[in-house]
Amino acid sequence: MINLTLPDGSKRELADGATPFDLASGISKSLAKAAVIAKVDGEDWDLMRPFEGDAEVAIITRKDEEALEVIRHDTAHILAQAVQDLFPGTQVTIGPAIEDGFYYDFARNEPFSTEDFEAIEKRMAEIVDADLPFQREVWDRNEAIAKFKAMGEQYKAELIEDLPEDETITIYRQGEWMDLCRGPHLPSTGKIGKAFKLMKVAGAYWRGDHRNAQLQRIYGTAWLDEKQLKAHLHRIEEAEKRDHRRLGKQMELFHFQEEAQGQVFWHPAGWTLYRTVENYMRRRLEDNGYVEIKTPQLMDRKFWEASGHWDKYRENMFISSIDEEEKVLAVKPMNCPCHVQVFNQGQKSYRDLPLRMAEFGSCHRYEPSGSLHGLMRVRGFVQDDAHIFCTVDQITEEVTAFCELLKSVYEDFGFEEPRIKFSDRPEQRVGSDEVWDKAEAALVAAAEASGLDYEHNPGDGAFYGPKLDFVVRDAIGREWQTGTIQCDFNLPERLDAVYVGEDADKHRPVMLHRAILGSLERFLGVLIENYAGKLPFWLAPRQIVVATITSDADDYAQEVKDKMAAAGLRVDVDLRNEKINYKVREHSVGKIPVIAVVGRKEAEEGAVALRFLGDGNRTQEVLPLDQAIDQLKAESLAPDLKRA
RNA sequence: GCCGGCUUAGCUCAGCUGGUAGAGCACCUGAUUUGUAAUCAGGGGGUCGGGGGUUCGAGUCCCUCAGCCGGCACCA
């Protein structure tokens, strides 16, 4: 007999050889039906896998989050089987569950095309209908390697060869088909259902290394039921509508063209938005004890050799030379070394520290062509960069203040919860362990004080110091790094930055590299997507359109427009001979926050009818002109000015 | 950079197995003076991404270059 303890503490006794499915069936029919896998002493366990002794058991059901992961993983196996059925000679590699679905990487000379999806999905459905049981088998390592080699599955054989010696090799079968897999799986293919869909094909390197062969990855999505699948597909459609590249065109914010790959042509509306954000940021920095500087765009190659960037990033730097001269200049890919030059002018004392030096630094990097992505990843961009020169003892305070500032800025832009990634010392690094200890502790303390969730990436720090990165998501769930703060013990040394301490000796300052928005371009991309183009009043490039109903109100409309413009509002007037319905629709689609409608009535009364964009309850207000202007003026203040 | 796909009017897209370009919106003109998400009529507009090839004939097929899109890799 085996003794099992359930999560609520109750105990059950079952015969030897019993399985979690037996346990669930003994409790209730519905539990047995909803069961997906079990946790046996914390380990994932197939429902049909017999217990191996007394244990603590939890039954995971379709209601649990983990259920989807299991279903997605199962679906990946079914995809692999279907592909091998239909395309003999294709090798399988790996196929994990991911967010919203799964993928499977195949090795095949012929490319897959989305036109193959229909046939593959059909075959997958047949495998589900066949209700093949998933059977777990433990294999001897060498036998498994030999078996997969004999099957022509080189990649699987390699995977097994690289598994740790003490790892149990498990094989899962479904019908004739088998795969190396850790599990767990559902009892049979029929339990998966058909709420899956193949989404896209893509290339992916074997083991994520570009020196390896490129495999073909098929992505799919899988859900508990048809309704969830439909909802997911709908979400994707909606998300595509808020893509900043699409909105950028619709709202006439910016464009790209091939002669300036990866660089932005900002249009009047987009540039207005850009400047609004930049000016806001400038005020916030000034209020927080930063000084602003501006440094050159082109610097001699020798300078970048001294900073160490030439060696490491030469491939990604734009360079320039003039015929008559032998000098090679490089367009700056970053601002830090330039800031050290400003620091190094004259003498610095400990009394000058911390010195917070900011620049809206225009940088250029020759990013790989495949990585370019709208405003999110460009070759020419402006960082809201700053470097804080301070002592080791000042790190904690400075990082904490930075996190607070960042959080406040993000709230002002409508991002409530940026995610933080903390990366600590890598194997290869400079600086003593003692200093690293201090710096890491300072970053962690600041991250914790901020109250935001943070994720720990061990060993992911820069060679010169640990860092905190701030990450937000775009419309379709892709994550983009925006803010960052990095401790640097290296550059001050390389570029010989010193200050005179209390003891009258020379000391090295620590440099904190930090950016709140990251790059203006990327941040604007994320901002546009976050609001789906419906920017809040203070950010909207076109805030108000004064729209007439009949030409009788033309003169008055012009007067309204002029008064609003004089009050600093961004306002246009629409006197076209069109129906008010037409104008309202056009400017609503154009995401103008406020339409000021004027007809004969308003002209006579000196009023305006304000119509606000959005589906809230506040859709229309008729106000005397002066009062309307006061109100709009107050609303158009940036959040920091509203607080002041 | 790598794998795959795409590139037709200002925008969004249609053009079957090759026979010499089409829609909606936008734009222009005219009529209409209208009260909160599309008034009607007429008109103009494309060397079908660039280059080369096959063919009697190429937007359609082939080669090549570029850009874009989806992933991967990269991201100081």
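In what follows, chains carry the letters A, B, and so on, assigned in the order in which the sequence lines appear, proteins first and then strands, with residues in each chain numbered from 1.
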Whether A/F470 and A/Y410 hold their rings parallel, tilted or perpendicular, with breakpoints at 30° and 60°: tilted

Salt-bridge contact A/D496-A/R494 (side-chain N to carboxylate O under 4.0 Å): no

Rounded distance in Å between the P positions of B/rG57 and B/rG53: 12 Å

Nearest-Å distance for atom pair CD/C1', residues A/E115 and B/rG4: 12 Å

Non-neighbouring partners of A/D552 that pass salt bridge (Lys or Arg N to Asp or Glu O under 4.0 Å), sequence neighbours left out: A/R600

Distance, rounded to the nearest Å, where A/R108 contributes CZ and B/rG4 contributes C1': 13 Å

Check: A/D100/A/T221 side-chain N/O donor and acceptor closer than 3.5 Å: no

Extract from the structure each pairing of a protein N or O with an N or O of nucleotides 36-45 of chain B at less than 3.5 Å, listing the distance.
unit_1	atom_1	unit_2	atom_2	d
B/rU36	O2'	A/R611	NE	3.3
B/rU36	O2'	A/R611	NH2	3.2
B/rU36	O2	A/R611	NE	2.8
B/rU36	N3	A/Q620	OE1	3.0
B/rU36	O4	A/Q620	NE2	3.1
B/rA37	OP2	A/R611	NH2	3.2
B/rA37	O4'	A/R585	N	3.3
B/rA38	N9	A/R585	NE	3.4
B/rA38	N7	A/R585	NE	3.0
B/rA38	N7	A/R585	NH1	3.3
B/rA38	N7	A/R585	NH2	3.3
B/rA38	N6	A/R585	NH2	2.4
B/rA38	N1	A/R585	NH2	3.3

Pairs under 3.5 angstrom, nitrogen or oxygen only, protein versus nucleotides 10-15 of chain B, please.
unit_1	atom_1	unit_2	atom_2	d
B/rU12	OP1	A/K249	NZ	3.3

A/R379 NZ/CZ over A/F381 ring centroid, <6.0 Å and within 45° of normal: no

Student check: side-chain heavy atoms of A/P466 and A/C487 closer than 4.5 Å: yes

Sub-6.0 Å ring centroid separation between A/F254 and A/H267: no

Rounded distance in Å between the P positions of B/rC68 and B/rA41: 41 Å

Polar side chain donor-acceptor pair, A/T548 to A/K583, under 3.5 angstrom: yes

Check ion pair A/R514-A/D385 (N to O, under 4.0 angstrom): no

Ring centers of A/Y464, A/F489 separated by less than 6.0 Å: no

C1' spacing across the pair B/rA58 / B/rC72, given as an integer number of angstrom: 35 Å

Interatomic distance at P, B/rA26 relative to B/rA38, whole Å: 12 Å

Between B/rC16 and B/rC75 - P atom distance, rounded Å: 44 Å

Separation between the P atoms of B/rU47 and B/rC11, rounded to whole Å: 13 Å

Pairwise C1' distance, B/rG35 and B/rU29 [rounded to whole Å]: 27 Å

ring-ring contact (aromatic ring centres under 6.0 Å, His included) evaluation trace for A/Y104 with A/F106: CA-CA 6 Å; A/Y104 208 110; A/F106 299 98; 5.0 Å; yes

Polar side chain donor-acceptor pair, A/E621 to A/Q627, under 3.5 angstrom: no

Summary of protein contacts for nucleotides 67-76 of chain B, nucleotide by nucleotide, where a base hit scores B, a sugar-phosphate-only hit scores S (4.0 Å, heavy atoms): SSSBBBBBBB

Secondary-structure string, 5' to 3', Watson-Crick or G-U under 3.5 Å, | for another-strand partners, for RNA chain B: (((((((..((((.....[..)))).(((((.......))))).....(((((..]....))))))))))))....

Side-chain H-bond candidate by donor/acceptor type, A/R207 with A/Y205, under 3.5 Å: no

B/rA23 versus B/rG71 - spacing of their P atoms, nearest Å: 35 Å

Atom pairs and distances, donor-acceptor, side-chain atoms in residues 87-98 of chain A, under 3.5 Å, two or more places apart:
unit_1	atom_1	unit_2	atom_2	d
A/T90	OG1	A/F87	O	2.7
A/Q91	OE1	A/Q154	N	2.7
A/T93	OG1	A/D105	O	2.6

